[in-house]
Amino acid sequence: MDSKLKFDFNNMMSQYVGEKDGFTVHDLEKLDVLADEAAKAFSAIRGQGMTEWSILPEPKCELVSEIKQTAKEIRNDCDAFVVLGIGGSALGPYALFQALSHLRHNELPRSRRKAPKFYVEDNVDPERMQALLDVLNLEKTIFNVITKSGSTSETMSQFIIIYDLLKKTFGPNAAEHIIATTDADNGSLIQIAKEEGLTTFLIPKGVGGRFSIISPVGLLPAAVLGIDISAFLSGARYMDTICKRSNSIYQNPALAAAVLQYDSFTNRGKNISVMMPYADGLKTMADWYCQLWGESLGKAVNKAGEKVACGQTPVKALGVTDQHSQIQLYVEGPKDKVVTFIAVEKYKTQITIPGGYDDMPAISFLSGHTLNELISSELLATEYALTKNGVLNNKIVLSSLTAESMGQLVMFFMLQTAYAGELLKIDAYNQPGVEEGKNATYALLGRPGYDAKAQEINSWPKKNSRYILGT
Ligand code: PA5
């Protein structure tokens, strides 16, 4: 395999973006030393504890064959495949679906889709659940309930509702409609799966939700869609090999991206990371990145227990759509962002703009150009406008959207995040900030053992009606 991904950071350099915020060659030399330390720190923990994700690309023929076999049966027999999950347990499968399937997959006739319709249900909005139930033919539907912890309230609520419905509809055959993807020992789902005899795929112990895209969490739904998961894994392996080879920012693209971003938010006031792909297929990949970067690096304390309150706020934007929404702010507003573009060199199709408006020079110049040229030129133009205005930006260039390039991209992002975690000296794999809200929800819904939390919530100052308008 060759490289399907290039990381271009020219526009982070002072000679292009200006001296105020731009990096000098001297800065890079200093950062290369930091990068080396961070890469060594990551190598020391690689594959252990919650970094088991980093060894997932290694060939696992048995698992891959099992996934492919299950997927083949689903592809042949089913009309719909529904992922029930949230956070990393939903965004990974959804990102791969959008990047690698037809952009109107569900609207295509079965003969062209060659796979079931695909749904990712990552919310507990009752209207959304009802809407899903309204369109499914249960008899021809498989639900893949995905939860690492096996107890996430949102996912388990969805599961309980669906399984109850399936039991009422199909009696003892209900289990045939569910596949569980979860931890081997922890949580309620594995217990239920064993009791009910559900087909089950295991998420390795040291793989958290946002790092699970290359585990059965991402692989099974992808295989059901007909995505070549062996090529996806090879892509991830290729990127890992490239990055493992060197601890220098001049050779390790994920390390370079991590260090530049790290220095931008710790020393240059760039508290926002905008991820802006110029491809509709990568819109959810940008969401996946936002979760990975935000939840991994946003931490109150470092590994030594010192208060750090660190992190960089990730924001998704879509080129060219958001040029008509966000770019005004990015170009002229506060200089608190690093914009990362994702370019695609070769789109799967080419569409030419026909002629016919020769007397209207404001639009006739478009004739004969392709939409491919238009989108690529708009990306270059936006890069130029940002750089000219002193806004730090860089670009990930993908040769095209394929299983290999997606493997390289997700590994690039996960390694970048891991290196950034080591630079910040934080635990990038926990999420204690999510717990407070989860515990408060349990207390509000009367979960046993949460009485103290319920009391704490009840003793919180009552809201003042003076500050609530419209009543
Ligand atoms: O990255 C994470 O760990 C989280 O965002 C989880 O993916 C999310 O909370 C869902 O957790 P689970 O897979 O345990 O249901």
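Given the structure is predicted, the values throughout are model-derived calculations rather than measurements. Each residue takes its place number in the sequence, starting with 1.
- The local environment of CD in E127 is sparse, with at most 12 non-hydrogen atoms from other residues, nucleotides or ligands closer than 6.0 Å.
- Between the side chain of S273 and the backbone N or O of V338 there is no donor-acceptor pair closer than 3.5 Å.
- For the 3.5 Å distance criterion, the side chains of E383 and N11 qualify, holding a donor opposite an acceptor.
- Under a 3.5 Å cut-off, the side chain of R237 and the backbone N or O of E58 do not form any donor-acceptor pair.
- The line from CG of D77 to NZ of K72 is 11.0 Å long, rounded to the nearest 0.5 Å.
- At least one donor-acceptor pair under 3.5 Å links the side chain of D32 to the backbone N or O of I249.
- No more than 12 heavy atoms of other residues, nucleotides or ligands shown are found within 6.0 angstrom of NZ on K117.
- Judged by distance alone, the side chains of S54 and D240 never bring a donor and an acceptor atom under 3.5 Å apart.
- Side-chain N or O atoms of S400 include none that pairs as donor or acceptor with a backbone N or O of T402 at under 3.5 Å.
- With rounding to the nearest 0.5 angstrom, the OG1 atom of T70 is 13.0 Å from the CZ atom of R75.
- Checked by atom type, the side-chain pair S215/S212 shows no donor-acceptor distance below 3.5 Å.
- By the neighbour-count criterion of 12 heavy atoms within 6.0 Å, atom CZ of R112 is sparsely surrounded, having that number or fewer from other residues, nucleotides or ligands.
- Inter-residue side-chain proximity for K453 and E436 is flagged as met; some heavy-atom pair is nearer than 4.5 Å.
- Between the CG atom in L219 and the CG atom in L96 there is a gap of 8.0 Å [rounded to 0.5 Å].
- For the pair N302 (side chain) and E306 (backbone), a donor-acceptor distance under 3.5 Å is present.
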Q: Tell me, with the steps shown, if N144 and T181 meet side chain to side chain donor-acceptor pair (under 3.5 Å).
A: CA-CA 7 Å; N144 183 194; T181 304; 3.0 Å; yes
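- Relative ring orientation between F97 and F118 is described as tilted, the plane-to-plane angle lying within the 30° to 60° band.
- Side-chain contact check for K68 and S230: at least one donor-acceptor pair (N or O, by modelled atom type) lies under 3.5 Å.
- Although no hydrogens or angles enter the test, the distance criterion places no donor-acceptor pair under 3.5 Å between the side chain of D322 and the main chain of S325.
- There is no side-chain donor-acceptor pair under 3.5 Å between Q158 and E121.
- Between T382 and F341, the closest side-chain pair of non-hydrogen atoms falls below 4.5 Å.
- In the displayed structure, K425 atom NZ is contacted under 6.0 Å by at most 12 heavy atoms of other residues, nucleotides or ligands.
- Under 4.0 Å is where a charged nitrogen must lie from a carboxylate oxygen, and between D21 and K270 at least one such pair does.
- The side chain to side chain contact (heavy atoms under 4.5 Å, CB included) search around E345 returns K6, V397, S399, not counting sequence neighbours.
- Identified under the ring pair (Phe, Tyr, Trp, His ring centres under 6.0 Å) test for residues 232-265, with sequence neighbours left out: none.
- The shortest non-hydrogen separation linking L136 to A80 is CD2-CB, 3.7 Å.
- Here the rule is side chain to side chain contact (heavy atoms under 4.5 Å, CB included) with V33, and of K30, E37, E29 only E37 fits it.
- Between the side chain of E52 and the main chain of G47, no donor-acceptor pair closer than 3.5 Å is present.
- The nearest pair of heavy atoms linking A223 to I229 is N-CG2, 3.9 Å.
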Q.
Go through it in stages, so that I can follow the logic: the residues are N430 and K299, the test is side chain to side chain donor-acceptor pair (under 3.5 Å), and I'd like the CA-CA distance, side-chain angles, deciding distance and then a yes or no.
A. CA-CA 9 Å; N430 63 5; K299 297 291 152 72; 3.0 Å; yes
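- The two residues Y347 and Y278 make their nearest non-hydrogen contact at OH-O, 2.6 Å.
- Atom CD1 of I192 is separated from atom OG1 of T182 by 9.5 Å, given to the nearest 0.5 angstrom.
- Between M156 and S188, the shortest heavy-atom distance links the atoms CE-CB, 4.5 Å.
- For residues 183-202, no pair satisfies ring pair (Phe, Tyr, Trp, His ring centres under 6.0 Å), with sequence neighbours left out.
- Heavy atoms of other residues, nucleotides or ligands lying less than 6.0 angstrom from CD of E139 number 12 at most.
- Within 6.0 Å of the NZ atom in K60, the count of heavy atoms belonging to other residues, nucleotides or ligands exceeds 12.
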Q) Can you check side chain to side chain donor-acceptor pair (under 3.5 Å) on N10 and D8, steps first, answer last? A) CA-CA 6 Å; N10 275 280; D8 171 359; 2.9 Å; yes
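- Of all the heavy atoms in I214 and M411, the pair that sits closest is CD1-SD, 4.0 Å.
- Counted by atom type alone, D336 and N271 present zero donor-acceptor pairs between their side chains at under 3.5 Å.
- In this structure, a donor-acceptor pair under 3.5 Å is present between the side chains of Q69 and E73.
- At least one side-chain heavy atom of M406 sits under 4.5 Å from a side-chain heavy atom of L100.
- For the side chain to side chain contact (heavy atoms under 4.5 Å, CB included) test, residues two or more places apart in sequence or in another chain that qualify with I45 are F42, T51, E422.
- Side-chain atoms of L166 and E176, non-hydrogen and from C-beta on, never get closer than 4.5 Å to each other.
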Q) Checking ring-ring contact (aromatic ring centres under 6.0 Å, His included) for the pair F81/F143: CA distance, chi angles, key distance, verdict? A) CA-CA 6 Å; F81 186 82; F143 295 88; 9.1 Å; no
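- Applying the ring pair (Phe, Tyr, Trp, His ring centres under 6.0 Å) test to pairs two or more places apart or on separate chains, those with a residue in residues 148-181 are F159-Y163, F170-H177.
- N394 approaches M12 most closely through the heavy-atom pair ND2-SD, 3.6 Å.
- With sequence neighbours excluded, the residues forming a side-chain hydrogen bond (donor to acceptor under 3.5 Å, both in side chains) with N252 are Y419, listed by chain and number.
- The structure places NZ of K303 at 8.0 Å from CD1 of I426, a figure rounded to the nearest 0.5 Å.
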Q: Take Q130 and D134 through the side chain to side chain donor-acceptor pair (under 3.5 Å) test and state the conclusion after the steps.
A: CA-CA 6 Å; Q130 189 57 57; D134 287 346; 2.9 Å; yes
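- Here S405 contributes atom OG and K346 contributes atom NZ; the two are 12.5 Å apart, rounded to the nearest 0.5 Å.
- Counting heavy atoms from C-beta outward, S248 and D36 have side chains that stay 4.5 Å or more apart.
- By the neighbour-count criterion of 12 heavy atoms within 6.0 Å, atom CZ of R104 is sparsely surrounded, having that number or fewer from other residues, nucleotides or ligands.
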